[in-house]
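Before any comments, here is the structure.
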Amino acid sequence: MGTINNRNGLQLEKPDVTLGFIPLTDCAPLVIAQEKGYFAGEGLNVTLSREASWAGIRDKVGLGILDGAQMLASIPVASRLGVGGPKIDMVSAMVLDLNGNAITINNQLYKHLYEIDSRCEFSPLIAAQALQCLIEENKRSKRPKLRFGVVYPCSTQSYELRYWLASAGIDPDRDIEIVVIPPPKMVTAMTDGDIHGFCVGEPWNTLAVQQQIGHVVATKYQLWNNSPEKVFAVSESWSKENPLTHQAMLRALIKACIWLDKKENRRATAKIISQAAYIALPEETVALSLTGSSLKHHGLPAEKVEDFHVFHRYSANFPWLNHAEWFISQMYRWGQLTTPVNIEETVAAVYKPSLFRIAAAAVGIECPSIDRKTEGNLHEKMILTKSQHIGPNQFLDGQVISVGGIIKYLEKQNLSKADIPALRLINTRKEV
Amino acid sequence: MKVLLIDIDEHRAKKIDAIITWAGIELLSVTDSDADIYQLVGELHPEIILVDTNSPNRDTLEHLAQLQKGAPRTVINLGGNRSESINRLASEAGISLYAIDAVPTALLQSLIDIAISYFHSVNQLRAEVEALKPTTDARQSLNKAKKFIMDTYGLTEDQATDLLNKNADRQRKPVTDVARQLLDTGSFI
């Protein structure tokens with residue numbers, strides 16, 4: 001016991017830690033930090049624990065059975081507010097990756113949409129509009145509602161699926177049925193005909209297309225360029241009791257993310273994370289999206305999308321407060337959260353840019369000196385190709401969220417259940 | 001009061017069954033991973049759900065809790081306090097608890113306490129039995145070897161014991177090793 005942290009000679013409070021992950025392509029930062037010795041290099045003895053559910057991860061971190069874990073970027077925020085589960089005070093000082101999800105629909109549904117408008121093949125907006133036509137037709141003929149699967153009620157995937165549907169005026173709570181299915185069971189559920197579509201992280205979309213049971217109609221990148229997907233989170237009390245251990249973990253994870261973002265390391269990553277102890281799927285399935293190939297339709301070649309998974313570039317690891325604000329806006333929009341809260345205070349309690357900056361300085365990387373940024377104002381074509389610090393950030397519906405303008409943005413969202421006057425009353429900060 | 005078990009293996013289910021029946025609570029169903037949780041909970045209306053901590057179905061239970069105000073929801077603290085016993089239920093028995101708001105905290109607390117103590121005592125007993133195993137195994141082979149000597153050479157028990165000890169001395173081995181060797185090969189060498 002009592003390993004010396006070789007960097008500054010300070011003793012880590014808890015060198016032996018257990019960290020949880022879910023078998024998904026973006027468990028890579030934790031796995032690489034372990035397999036490439038970045039954890040060991042920081043004096044950490046890490047046990048990785050493969051978990052079967054997000055609720056399980058959340059509760060185990062809350063109860064102290066896990067020291068920290070990979071989590072959907074929305075979970076620490078939802079838990080702080082007690083939305084969709086018990087109130088657990090968690091903090092996140094680091095984002096593990098951007099993008100990486102997709103919406104897949106089964107062959108039959110895709111055929112229907114393609115018949116309505118063949119541009120569904122490449123346009124998520126048109127696919128959603130075609131789906132809206134089909135849903136109206138189904139209503140008239142009194143056919144049962146279509147069922148879509150997501151992995152957790154307050155998940156990034158749930159908000160992405162809802163965003164896509166709402167872009168065509170489809171009410172996700174009335175016009176379709178949303179069910180929760182764990183990622184590894186998603187493809188089977190589609191094969192069995194239990195669900196018509198799903199929004200899930202890789203490699204499950206690629207697998208569905210490879211098995212020729214479905215088509216990808218939208219990727220997370222298309223819905224909101226370079227939006228946060230998974231974070232590394234610990235409980236607030238744990239972070240206070242183990243500040244040096246927390247920093248050591250962050251340093252190791254940042255180094256793993258830097259390594260992961262190099263193109264030449266992606267094949268090797270696929271080989272490692274596809275193993276039985278991690279994702280347990282064929283290396284070829286995992287490798288596609290990791291190497292920047294977005295497979296959408298069987299029979300058609302994969303599209304080249306270099307940014308399908310982003311682990312480090314575009315300041316990806318920085319926990320932007322405005323990203324947490326966006327999750328809260330969606331909780332209000334869909335009626336998951338009804339009590340008005342001070343959004344600014346809530347996000348500052350959960351996302352910890354200040355902790356990230358310390359780790360970034362120790363690793364020797366640059367990081368933003370502001371905590372919030374504007375979203376939706378940078379198109380792909382505006383980005384200089386060599387730029388690694390900032391990336392495109394467009395939304396599917398072309399909206400822009402200025403700093404401090406989250407309520408104004410929420411007010412413009414259709415189908416919203418948010419009580420804007422009540423929110424304005426409690427969020428007195430001057431809006432931009 | 002109705003309790004639903006999800007993804008709890010037969011071994012643990014039996015134990016829980018005993019606890020629950022004893023407490024006068026009705027045990028509804030033991031299901032496996034492939035069951036339709038939406039349908040199950042919708043039809044059975046359990047007040048309490050005990051689920052394997054590592055069950056992939058847990059995220060579906062969370063969704064149900066969000067959809068229906070009256071559905072059981074995760075219990076992570078009792079009466080507003082962080083509960084050590086819930087932690088132990090998860091880490092020692094591998095069980096997570098869901099309950100509707102109307103179930104009194106005191107009842108949940110006793111249910112958890114009984115479950116933990118039961119699992120704890122059974123686990124402890126098993127650990128003690130495991131710890132004793134080498135000793136009992138050794139005694140058993142010693143007794144078998146003595147019986148083998150008595151039957152084969154027509155000696156008394158004392159003589160057989162003496163013979164085993166002497167051979168062990170000469171071979172500089174523990175007497176149990178000599179006994180096992182005798183049983184395996186039928187000879188002292």
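Naming convention: chains lettered A, B, ... in sequence-line order (proteins, then strands); numbering from 1 in each chain.
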| remark: Heavy-atom closest pair (Ala102(A) atom, Asn205(A) atom, distance to 0.1 Å) is O-OD1, 3.3 Å
| note | Greatest number of non-hydrogen atom pairs under 4.5 angstrom with chain B, of Gln336(A), Glu51(A), Lys87(A), falls to Gln336(A)
| Which residue pairs satisfy the salt bridge (Lys or Arg N to Asp or Glu O under 4.0 Å) criterion with at least one member in residues 75-85 of chain A, sequence neighbours excluded? | Arg80(A)-Asp89(A), Arg80(A)-Glu236(A)
| field | Closest approach of Leu337(A) to Tyr332(A) (non-hydrogen atoms, all atoms of both residues) | value | O-CD2, 3.2 Å
| field | Closest non-hydrogen atom pair between Pro76(A) and Val350(A), with its separation | value | CB-CG1, 3.5 Å
| query | Looking only at heavy atoms, which of residues 149-160 of chain A get nearer than 4.5 Å to chain B? | reply | Val151(A), Tyr152(A), Pro153(A), Cys154(A)
| query | Between Gln109(B) and Asp113(B), is a side chain to side chain donor-acceptor pair (under 3.5 Å) present by the stated rule, with each step listed? | reply | CA-CA 6 Å; Gln109(B) 183 69 64; Asp113(B) 288 347; 3.0 Å; yes
| task | Side chain from CB out, backbone as N, CA, C, O: work out which of these in Thr60(B) comes under 4.5 Å of a heavy atom of chain A, or both, or neither. | result | both
| query | What part of Ile88(A) is in contact with chain B, defined as an atom under 4.5 angstrom from a non-hydrogen atom: side chain, backbone, both or neither? | reply | side chain
| remark: Turns out that what part of Arg58(B) lies under 4.5 Å from chain A's heavy atoms comes down to both
| Tell me the salt bridge (Lys or Arg N to Asp or Glu O under 4.0 Å) pairs involving residues 159-170 of chain B, sequence neighbours left out? | Asp162(B)-Lys166(B)
| Residues Lys60(A) and Asn54(B): side-chain donor-acceptor under 3.5 angstrom | yes
| request: Output every pair passing ring-ring contact (aromatic ring centres under 6.0 Å, His included) with a member in residues 39-69 of chain B, not counting sequence neighbours, ordered by first then second residue. | output: Tyr38(B)-His63(B)
